[in-house]
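Below: one structure, written as structure tokens.
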Amino acid sequence: QVGAARGGGRRRGSPGPSPLTGSLPQALVDDTEDVSLDFGSEEELALRKARIRHPLATFFHLFFRVSAIITYLFCDWFSNSFVACFVTILLLLSFDFWSVKNVTGRLLVGLRWWNQIDEDGKSHWVFEAKRVPTIAASTEAEARIFWLGLIICPVIWTVFFFSTLFSLKLKWLALVIAGISLQTANLYGYIHCKLGGQKSISRVTSRFFVTADVPKRQTRGISEDRTEERGKTGTR
């Protein structure tokens with residue numbers, strides 16, 4: 001009896017299932033149903049801000065143009081030959097034009113421009129802006145380095161133009177004009193890519209398909225005319 005009384009006391013004193021504990025998991029489920037955790041965008045943003053993903057392209061984007069400017073400023077310290085300095089600076093400017101146009105613009109900012117000639121012999125300029133995934137896009141540091149180098153260096157060569165003109169160093173004038181022309185061409189092309197590249201691409205592609213479709217229509221017309229003539233001769 002005493003054991004039964006104790007057992008009964010335990011049964012009476014044991015806490016029963018309360019409505020709060022029974023409804024707690026359901027409340028937690030209801031609270032967490034509409035919560036969406038998306039860490040992908042934060043990781044992609046951290047990748048874009050964290051580091052330079054194309055160090056070699058970033059280096060050569062600035063190397064040739066900065067080397068051309070330094071050689072122009074201090075060429076008298078290295079050599080007394082005007083021809084050697086002229087050829088060296090012109091080669092550096094040419095390497096810079098090719099690398100920026102064909103390599104660094106595509107890798108650092110996803111832009112590209114070029115010229116193509118159609119079947120009629122007409123020249124068309126194409127300005128392309130690639131739509132790459134965000135995980136493969138360039139970082140903000142790379143884009144900033146690209147545009148700063150692309151804008152500042154033509155300004156420096158413009159200053160060199162006025163300095164050579166006012167100091168009457170006319171033998172350097174042709175080299176300075178070449179530097180302005182090459183680097184301004186890249187700047188002009190990439191500004192067009194950034195602002196209106198997709199429109200020009202759509203126009204060029206539409207012209208290409210139209211010109212490609214014309215010979216097909218002509219061949220179809222000729223084949224239809226031949227079949228009609230054969231049918232007429234067969235009826236005769």
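This chain uses plain numbering: 1 for the first residue, then up along the sequence. If you're wondering where the values come from, they're calculated on a predicted model, not measured in any experiment.
Residues F74 and F82 share a single hydrophobic cluster, defined by chaining ILVMFWY side chains whose heavy atoms lie under 4.5 Å apart. Hydrophobic clustering of Ile, Leu, Val, Met, Phe, Trp and Tyr side chains at less than 4.5 Å, counting indirect connections, unites F160 with I177. Hydrophobic clustering of Ile, Leu, Val, Met, Phe, Trp and Tyr side chains at less than 4.5 Å, counting indirect connections, keeps V66 apart from V159. Hydrophobic clustering of Ile, Leu, Val, Met, Phe, Trp and Tyr side chains at less than 4.5 Å, counting indirect connections, unites I69 with F162. Y188 and F146 are members of different hydrophobic clusters when ILVMFWY side chains are connected at heavy-atom separations under 4.5 Å.
Heavy-atom minimum distance, P154 versus L187: CG-CD2, 4.5 Å. When all heavy atoms of A57 and T104 are compared, the closest pair comes out as O-CG2, 3.4 Å. The two residues N115 and S123 have their closest heavy-atom pair at ND2-OG, 2.5 Å. Summarising the geometry of A178 relative to L90, their closest heavy-atom pair is CB-CD1, 4.1 Å, with the distance given to 0.1 Å. Here the shortest heavy-atom pairing between G149 and R65 reads O-NH1, 2.6 Å.
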message = Is there a side-chain contact (heavy atoms from CB on, under 4.5 Å) between V100 and H61? Walk through the geometry before answering.
response = CA-CA 6 Å; V100 173; H61 177 71; 3.7 Å; yes
request  = Could you walk me through whether I145 and L108 pass side-chain contact (heavy atoms from CB on, under 4.5 Å), step by step?
outcome  = CA-CA 9 Å; I145 291 172; L108 299 183; 5.8 Å; no
request  = Would you sort out whether V109 and E142 count as a side-chain contact (heavy atoms from CB on, under 4.5 Å), showing the intermediate values?
outcome  = CA-CA 8 Å; V109 290; E142 288 176 342; over 6 Å; no
ask   = Could you go step by step and tell me if L93 and W157 meet the side-chain contact (heavy atoms from CB on, under 4.5 Å) rule?
value = CA-CA 11 Å; L93 290 172; W157 283 105; 3.9 Å; yes
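Remark: the backbone N or O of D96 is paired with a side-chain donor or acceptor of S99 at under 3.5 angstrom.
For the atom pair T71 OG1 and D76 CG, the distance stands at 11.5 Å (nearest 0.5 Å). The distance from the CZ atom of F97 to the CG atom of N102 is 8.0 Å, given to the nearest 0.5 Å. In this structure, L91 CG and F64 CZ are separated by 10.5 Å, a value rounded to the nearest 0.5 Å. Expressed to the nearest 0.5 Å, how far NE2 of H54 lies from CZ of R106 amounts to 9.0 Å. To the nearest 0.5 angstrom, L170 atom CG is 7.5 Å from L165 atom CG. Note that OG of S167 is 11.5 Å distant from CH2 of W172, once rounded to the nearest 0.5 Å.
For F95, the CZ atom is loosely surrounded, since the number of other residues' heavy atoms within 6.0 Å does not exceed 12.
With contacts defined as side-chain heavy-atom distances shorter than 4.5 Å, the pair N186/L182 does not qualify. Side-chain contact between F127 and Y190 is absent, with no heavy atoms from C-beta onward closer than 4.5 Å. Looking at W125 and Q116, their side chains never come closer than 4.5 Å, going by heavy atoms from C-beta outward. Using a 4.5 Å heavy-atom cutoff, the side chains of Y72 and L92 are not in contact. Side-chain contact check for I156 versus F161: every heavy-atom pair is 4.5 Å or farther apart.
H124 and D118 share a donor-acceptor pair across their side chains, judged by distance under 3.5 Å alone.
A cation-pi arrangement is found for K101 relative to W113, the charged atom lying closer than 6.0 Å to the ring centre and inside a 45° cone about the ring normal.
Residue pairs meeting the side chain to side chain donor-acceptor pair (under 3.5 Å) criterion with at least one partner in residues 78-93, sequence neighbours excluded, are absent.
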